[in-house]
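As C-alpha cells, the structure follows; a few thoughts come after it.
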Amino acid sequence: MAKEYNFQEIEKKWHEQWTKWHTYEVGEDASRPKYYVLNMFPYPSGAGLHVGHPLGYIASDIYARYKRLTGFNVLNPMGYDSYGLPAEQYAIQTGQHPEKTTYANIDRYREQLDKIGFCFDWSREVRTCDPGYYKWTQWAFAKMFNSFFCKDCQKAKPIETLIKYLEENGTLGLNAAQGKELNFTAEEWKAMSEQEKSQTLMNYRIAFLGETMVNWCPKLGTVLANDEVIDGVSERGGYPVEQKKMRQWCLRVSAYAQRLLDGLQTIDWSDSIKETQKNWIGRSEGAEVQIKVDGSDADFTIFTTRADTMFGVTFFVLAPESELVAKLTTEEQKAAVDEYLTYVKSRTERERMIDHTVTGVFSGSYGINPITGDKCPIYIAEYVLSGYGTGAIMAVPAHDSRDYAFARHFDLPIIPLVEGADVSEESYDAKEGTVMNSPMEGKSSYKGFTLNGLSVKEAIEATKKFVSENGLGRVKVNFRLRDAIFSRQRYWGEPFPVYYKQGIPCMIPEECLPLELPQVENFLPTESGEPPLGNAQIWAWDETNRKIVDKALIDEKTIFPIELFTMPGFAGSSAYYLRYMDPANDNALVSENNSAYWQNVDLYVGGSEHATGHLIYSRFWNKFLFDLGISKKEEPFQKLINQGMIQGRSNFVYRVKDTNTFVSLGLKGQYETTPIHVDVNIVKNDVLDVDAFKAWRPEYETAEFILEDGKYICGWAVEKMSKSMFNVVNPDMIVEKYGADTLRLYEMFLGPVEQSKPWDTNGIDGCHRFLKKFWALYWDKDGQLAANDSEPTAENLKSLHKLIKKVTADIEVFSYNTSIPAFMVATTELGQQKCTSRAILEPLAVLIAPFCPHIAEELWEALGNTTSVCDAQWPELNEEFLVEDKVKMPIQFNGKVRFTMEFPADATKESMIEAAMNAPEAAKFLKGMQVVKQIVVPGRIINLVVKPE
RNA sequence: GCCCAGAUGGUGGAAUUGGUAGACACGAGGGACUUAAAAUCCCUUGACCAUUGCGGUCGUACGGGUUCGAGUCCCGUUCCGGGCACCA
C-alpha cells in the first residue's frame, strides 16, 4: 500500500508541534539581519473570515517563511484593530455590549487563522482596545497636543518652544503651521488671560480643539473624517452625512502635507496608490494676490494657479461662507445676498456635489485688478469653496470652464488671452499656447507689465515673479489635504486623556495613563450627538490625587470633568507596527533598542481601500514620532503590496414564472424565468445538488426540475462575496476537505496577489492532486520512505535547479501564481525520472515549505531531521546544472519559423548558420533566393532574411 | 473633466522583457481499469482548411507605425476597472 497523504493528521500534528517548539517566536537578534513583514490587522467583525481574507496573509506568510529560510530574523506579527465603528456597529446590530462581541469575534478569528498554518508570532499580539495598548495611543495624542509644527525646520517641536518665542517676539517672524493667521505682539501675548492663551495655542498645536465644519452623520451618531465619507454618504452603512459646525479634536495633518508628498518618492508602493495619495494631498502651486475694493479701504486675497490670466479677469467670486461676504455686500444688494445665502444653506453637501447648476448673486462691490486697474464686480457663488485657498477667486471666463459657465449665465465679458483659442462655445482651459491681450492693445498695465508672446507656462512664472517682487501678492502652495477630525461621539474607542479646567483642556499626566474606558449601561450613540460617555458616573478628574472620581464631585477647583468624546478607529491603527516591536513594554511605546533593531516595516500587505485613510494617517503619525525620535525611519512602510479582493462566484437557479419548477441553464430560453441566487455550497462545478436544494429551504421541498442530460446546470455571475448572494465560501470548509496546504496553494494559484479575482472552487482539485503527487515522490509503493543516498542524476539536478531558479525569482517579486506551475512541472519530471535521491528530495521539501508548511514539515521529518523545516537553509542555485550541452534553436526564414535544429552549446554563429543553410529542410526556402541578412540570437533563434535572386 | 492601471482560448492565467503565443491548471470531449461508482491513468481541446500520412492559413481589443522578427516598443481609437473632482 502506498502511503496516504493524510493532511488532517499532518496539519494537526504540526500545529501542536509548532506551539511546543515556539517555532514562530522571534527575539531581537543583532547577529542576523532583520526583516519585518506586516499584514494590515483585521477588524474582528462578526461574520468571521471568508476565503478572501487570508489571501494577503498567505502571500505575506510565504514571503516571511522564505526570508527566514534565507537567513533573516523575521518579525511577522498579528493583532486586532478592535476599536472603532465596525466593531461597534456589529455590537449595536446584535444588541450586545461591544466588549463582549469583540472578544468573541477575536476568538473566532484566531481559531480560523490557526487552521491555515501562519507563522505569526502570537506572543506579540496587540489589541487596540486593550488598555496596555491604548495607553500609548493616548500618550501619542498628548505628545501631539504638546507640540507644534515649525515650518522653517519642517518638523514638530515642543509647544514650550513656541510659548517662549511668543513671549519674546509675539507672532513676528513666526513660521509655524497654523489654523489661521494671527498677529499679536509679545506684550499682547503676556497680557492674555489663561483662557485666551489656551485658545491661541490651539491655533498651533498638532492635536487641537477646533470649531470646524464637520461631516456629521446623524444615523451613526458621530462625526466622520473626510475619507470615511464617500459621495456624501457614510462609508459604513451608506447613511446621509451633513455639514455641521462643531467643536472637535483635530490633528494638524495638513502641516505634514509636503513631507507626506515628498516621502512617496522614497517608498516602494504601487503607482496607483501613490497617485491616489498624491491626488488626496492635492498640492497646487500658485499665487495669492491682494485685491483692493473700489471705494473702500477693504481688501481681500484671492488664490490662483493661473497667474498668467490676470489680464482676463472680468469678475471676482467669494464663497458664500466667506467672512468677506458681510463686509463687501452693499446696502442695495443686501436683500438679494441674504436670499441667496438662505438658498445655499438649504442645500445639502450631496446636492451641491451632484447638481452644478450655475447660481450666484452680485455683492454690489467692485474689486480692482492690481495689474490692469480694471474694476470688476464681486459676486458670491456656491461654486467657490470656503475651505480651499482663500475662499475667494479671480474669475477668468475665457480659460476656466466654471468661470465661463458663470459668465455666460450672468452675461459677463469674456476676454481670450491665448492666440487661436476659440472661446465662443467653451473656455480654453489647456495650459498651452502663446499669450496675447496681456495687456490688450491700447491699454496700459501696472509698470508696463506684459506677457504677450510668452508661452502660457512662461507667463505663469513671469506673473508670479512680478506679483511677489512688486508686493501685489506672493507665491503660495496650497494643499487639498485637510486636518483630520479626531473625535467621535461614540462609546467604543479610546478615551481622550483630557479634562477641562474652567473650560481649558488639560492633559492627564503621562504617568497616569492609560485612562481606561469606563463601563456604561447604555453605550448607544444618539442622533443629537450627546456622547455615550456622558452616561459614565465615575468620570471626573481629581487633579490633586491624580485619579478618576465620581462626577458628582466636580467642583471646578480640584475636580474637573473629563472629555466625553472618544478617538476614531484610525487612532489605534496608526502606530501599531511600532508596538509589535515591543508589545509588553510598560515604560515606552517601544524601547530605543527594539526600535533601532526593527526600524520600520519592510513589507506591508493589505487592501488598497486604505489608500486615503489608514495609509495617510499612519504615515503622518509615524512622521510625528520620527520627529520625536521614537520611530527610526521617516516612512513606516517601505514596500506595500495591495492584495486584490476575492469576489464571489454566485450561482443561480431559474424558476419558471408562477411555478415551483426550475429549469436548467441550457433550456431556460424556452420559458419565462426568474433567476434566484442559490447557495454555492450545494453546487459543484455548476451542477446543482438537487436533493440538497430541496432541503435548503422549506419552500423548495416540493420543487420540480427540468434537467438537461440528467443534470441541473446553474447559471453564474461574479459578484461581491456576501451573505445575501449566498456565495460566501468559508476557509474552514476548504481546510477540512482538502487541507490548509491545498487552500494556501490554491489561493496563490488563483492569480497574481494584487489582482481581484472571483473565487472559483472548480480549480481546487488540481492543486490538491498536485500535493498528492508531490507527497508520492517521497514514498515507495510499500509506504516506506523512498529517499536514499543514491547520487542524483544530471537530469534530477537540472529539474531541481530549474525549480530553485524559478521559485526564488518569483517569491522575490510576489509572483507566487507562476511558481506553482513550476512546482507541478518539476514534480512530474522527478516522478518520471523515478528520483529517490535525498540530495534532491531534501531541498525540494525546503522549496515548498513557504507555500505548504505542513507537508514540508512532515516530509522533512520523514527524511530524518529533528528540527523544524523553518530553520532549514534555502537551497542554493547552481547554474552549472542548467547549462545545456545542446541547444535547440528554431530556424526562421524572413521571420517565420520553418523548422528547428539542435546544435552543440558552444557552436559558433558561423557554424550554426552554415548548418542551417545546408539542412535538407532549408532547401525549399533557399531555392532561387539569396540570403541578404543573417540574425543569430544565441540560444533563442536563427533568422535568415532571403529575397529572390 | 483630470490622473492611474489594464484588455491574450470556454475559464484563471503563462510567455526567459523584442525571438517557436497559449506553459500549468480548471472546464469540456473521448478512452483504459472496474459488475458499478469513486479514485487513478492515457489521448484531444485557439479558430479555420486539409486529413490514410506528413501539413497550411489566420490569430494576443481595434487601426496604423518601427523592426529581419511585435502580445511585448511608438502613435491614434474603443472598451473595462480604480482614484480625484465646482480644489480656482
Side-chain angles (χ1 to χ4, degrees), chain A residues 231 270-284 286-287 302-307 309 317 319 352-359 381-385 387-396 399-403 405-406 429 478-482 608-609 611-612 642 649 685-686 716 718 746 749-752 754-767 769-770 772-773 805-806 809 815 817-825 828 888-900 931-947:
Chain A
D231 293 334
S270 76
D271 288 340
S272 63
I273 286 271
K274 284 193 191 178
E275 194 62 30
T276 302
Q277 291 214 340
K278 252 186 231 171
N279 284 339
W280 189 259
I281 296 167
R283 183 182 198 274
S284 62
I302 58 97
F303 175 73
T304 179
T305 54
R306 288 296 301 272
T309 57
V317 189
R352 242 173 115 161
M353 239 153 58
I354 295 165
D355 171 26
H356 290 180
T357 336
V358 177
T359 63
E382 58 176 340
Y383 83 90
V384 174
L385 306 175
Y388 185 77
T390 59
I393 62 154
M394 63 179 211
V396 185
H399 302 292
D400 183 288
S401 50
R402 296 153 302 181
D403 297 344
F406 195 85
D429 292 15
N478 261 320
F479 292 95
R480 204 192 70 93
L481 185 70
R482 305 292 159 80
S608 56
E609 67 274 17
T612 55
N642 298 114
R649 187 177 185 281
N685 293 350
D686 291 336
W716 62 274
V718 173
Y746 185 58
F749 182 66
L750 224 41
E754 298 182 75
Q755 208 164 84
S756 287
K757 57 240 160 188
W759 178 264
D760 179 353
T761 329
N762 288 346
I764 203 161
D765 292 304
C767 285
R769 204 152 31 217
F770 157 71
K772 279 192 191 168
K773 276 195 211 166
K805 189 176 182 180
K806 176 76 176 147
S815 177
N817 61 316
T818 58
S819 291
I820 294 165
F823 270 111
M824 293 178 176
V825 170
T828 308
K888 225 180 190 176
M889 299 231 298
I891 313 297
Q892 299 180 341
F893 284 89
N894 289 346
K896 262 201 177 138
V897 176
R898 295 305 179 176
F899 58 96
T900 58
V931 178
V932 294
K933 206 167 182 181
Q934 303 160 340
I935 294 128
V936 180
V937 185
R940 299 277 172 83
I941 206 138
I942 293 174
N943 188 9
L944 300 173
V945 183
V946 294
K947 67 176 189 193

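These numbers come from the heavy atoms of this one structure, side chains and all, not from hydrogens, waters or symmetry mates. Here is how names work: the chains are called A, B, and so on, in the same order as the sequence lines, proteins then strands, and each is numbered from 1. Please read all numbers here as calculations on a predicted model, not as lab measurements.
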What's the gap between [N] and [M] when it is taken at their [atom1] atoms, as a whole Å value?
N	M	atom1	value
B:U8	B:A21	C1'	8 Å
B:G6	B:G13	P	14 Å
B:G10	B:C4	C1'	32 Å
B:U20	B:C75	P	25 Å
B:A32	B:U17	C1'	44 Å
B:C73	B:U67	C1'	10 Å
B:C74	B:U52	P	48 Å

Partner set under side chain to side chain donor-acceptor pair (under 3.5 Å) for A:Asp403, not counting sequence neighbours: A:Tyr383
Side chain to side chain donor-acceptor pair (under 3.5 Å) against A:Thr276, all qualifying residues, sequence neighbours excluded: none
Bracket notation of RNA chain B in which parentheses pair within the strand, [ ] cross earlier pairs, and | pairs with another strand (Watson-Crick or G-U, under 3.5 Å): ((((.((..(((......[....)))((((((.......))))))((((.....))))..(((((..]....))))))).))))....
Hey, does the side chain of [X] come within less than 4.0 Å of [N]'s phosphate (OP1/OP2), counting only N and O?
X	N	result
A:Gln755	B:A5	no
A:Thr818	B:C24	no
A:Arg480	B:C2	no
A:Asn817	B:A14	yes
A:Tyr383	B:A88	no

Sugar-phosphate only, base, or nothing, as touched by A:Arg283 at under 4.0 Å among non-hydrogen atoms: nothing
Check: A:Ser401 main-chain N/O paired with A:Asp429 side-chain donor or acceptor under 3.5 Å: yes
Donor-acceptor contact present, side-chain A:Lys806 to main-chain A:Phe823, <3.5 Å: no
Atom NZ of A:Lys274: over 12 foreign heavy atoms under 6.0 Å: yes
Under 3.5 Å donor-acceptor pair, A:Gln892 side-chain atoms to B:G19 base atoms: yes
Glycosidic class, syn or anti, of B:G9 using a 90° window around 0: syn
Distance, rounded to the nearest Å, where A:Arg769 contributes CZ and B:A25 contributes C1': 9 Å
